Amino acid sequence: MKDDFEMQNPLKPSTPASRLPDFSAIKPKDVLPALEELLQDYHRGIETRLASGRKNGWTLVESEASWADELSRAWSPVSHLNSVAGNEKLRKAYNAGLKRLTRHENWRQHHQGIYQAYYDLRHSPEFKSLSPVQQRIVDLELREFHLAGVDLSDKAKKKYRKLVMRLSKLGSKFSENLIDATQAWTLHLEDRTRLEGLPRAELNMLKGIARQHKTQGWMVDLSAPSFQAVMTHGEDRELRREVYTAFVTRASDQGQKPGQWDNMPLIEEMLSLRHRLARLLGFDNYVEYALERRMAETPGSVLDFLHSLAEQARSAAQEQYGALQDFARSQGAMLPLEAWDIAYWSERYRQAELHLSDEELKPYFPLDRMLDALFFTTERLFGVSLSADSSVSTWHPDVRFFWLEDHEGRRFAGLYMDLFTRKHKRSGAWMDVCLSRRKLEAGEQLPVAYLNCNFSPPTVEQPCLMTHDDVETLFHEFGHCLHHTLTEVEWPQINGINSVEWDAVELPSQLMEYWGWDDEVLSRFAHHYQDDKPMPADLKNRLLRSRNFQKALFLVRQLEYALCDFRLHLEYNPEAPVNPLAILDQVRSEISVVPVPEWNRFLNSFSHIFGGGYSAGYYSYLWAEQLAADAWGRFHEEGALESETGEALRREILSVGASRPAMESFIAFRGRPPEPAPLLESYGLL
Ligand SMILES: [Zn+2]
């Protein structure tokens, strides 16, 4: 009989039939014991299978899928909680778990016996009898074995393992430093004089932050909504400078606490170790290694793509910046504009040109209505509806859970939505996998996703009112969730978003954003939260016109991030490592239009490439944006809410996951390879 502790451990496989995590029951002390037991099952299972002398073939692939999925089912809620409801104890358990899992990954990737079993299967008559999807799983696994250095000597393998462990630790430390540095800075204001210009909702939010810190008045912190409120609306230039400085010097050698939580040594070490890792595996540099798993085939094709966009965008961006300066001067601003003036004057300029302010728009975008809009779009395009279930255990009272149901009301997937900003929650918006679709002996494990945003929470006076950017963000993350939940592939290795090429994985999310701009969707759902009146036509037109307003400036900034990331990883030279800031400066002098202060330490908080999975891959956003703009072209031609086009999207892209290369899926949907014109058009550059 199991002891009490074991019976209570909610991360064990025996627990509930729905297989959803019991969040209210998960404790940091459960993490390691659950992982240890699952890993033991995995390792023992492998050794028994390999020692039996029987031919393993496809059955081994099946067993591995099951062991690996049980592990990820236990780990996913832990890693998720660490991002949305972190505390010191959980962070410790998370780090210990991560270390244990990385060790396991290395064990598995370098296991000659497992590799041999896949290799034998690939070269056996059985392989020909497998379905194309099964064959692809075997091929992708073999590719991963090679990329993990299965062919290396024992000594080199040891080196490889050390590098991977160290890189994983550095990535975690980078994120921790950033969270700590972000939380360490606040500015308490006892009266409102310095907050002149901030709309009421923003003031209320800052009041809320003060209350969270158990104090009166207003408090500015470095969470995204608070930062943006001051940068966009604050008339006090000195206040903007102060907040900007704190924000862009987080975790660096600059700012209020120079050197504390400094991420630059970590960045330098990561670049060096990534390069060594790539060389060890026989690649010239880290970019060559990274592209093995991407849709883009060569570094040249990515550089060409980025440079040709930059060429098209830069002069438009210069023009737009000139217009912004002219406007600011005409309003009595001191020139030159500084980095902390840009968002403020852009908003003034936007208001003057379009008479459009977030404050005018937000009452038309109450969160619940926008969820209705999202669900309506999903129903029309895919015949899928969502129904809330408050009985499912979550990690915070604000979190909602939904089942996805087909025409007949059959539940086939689930979705958690955690939408409001909170203390101890990671900033930004992101989607993550909770469960992957998989056949079980007792039926089927349904795919379940987490959708996370950081919108301003409702106040006593009003519901959560969104900016249109927030609406786009919601649609974007929901697109990722659809990609994961509409999968029809039953193998977790390659279903949903699993194993999809990094530079294609943003296709569904960026495509989904287009419905946040669709005329019919807006007409039906963008209604005033108080009297339910639809958005006036004139306001809607101004909103639609705003879509490309000053957009080349935005594009140039994205190109700056993408090129900087790509070049940092492509040009790294261990003989003469260049200061990463120097490369950033070079990129900026080539393509940037808006001046940035010399002490800006943007790289130190560039979590995408140093704390997340986008290293040598930030270009993916633009790459996928090209795919999305082109895919939207078909909806534009056939009808934005045309169910046949929706079905085609589901059939050719959303449901297939990585069961075939992304390029094939794109061509199956669009009838041809992607073209750049629709992207340029979407930025108003044609
Ligand atoms: Zn995304």
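Sequential numbering from 1 along the given sequence is applied to the chain's residues. On a predicted model such as this, the values are computed, not experimentally measured, just so you know. Atoms within a ligand are numbered from 1 in the order they appear, just like the ligands themselves.
- Residues that satisfy the ring pair (Phe, Tyr, Trp, His ring centres under 6.0 Å) test with F420, not counting sequence neighbours, are absent from this structure.
- For the pair R557 and Y561, the cation-pi test (distance below 6.0 Å, angle within 45°) is failed.
- Among pairs with a residue in residues 654-686, none fulfils ring pair (Phe, Tyr, Trp, His ring centres under 6.0 Å), at least two apart in sequence or across chains.
- Side-chain contact between F478 and F375 is present, with at least one heavy-atom pair separated by less than 4.5 Å.
- Taking the six-membered ring for Trp and thresholds of 30 and 60 degrees, W517 and H468 have ring planes inclined between 30 and 60 degrees apart.
- Not counting sequence neighbours, H483 has no partner by the ring pair (Phe, Tyr, Trp, His ring centres under 6.0 Å) test.
- Here the Zn ion (ligand 1) has protein N, O or S atoms under 2.8 Å from it, and they come to 4.
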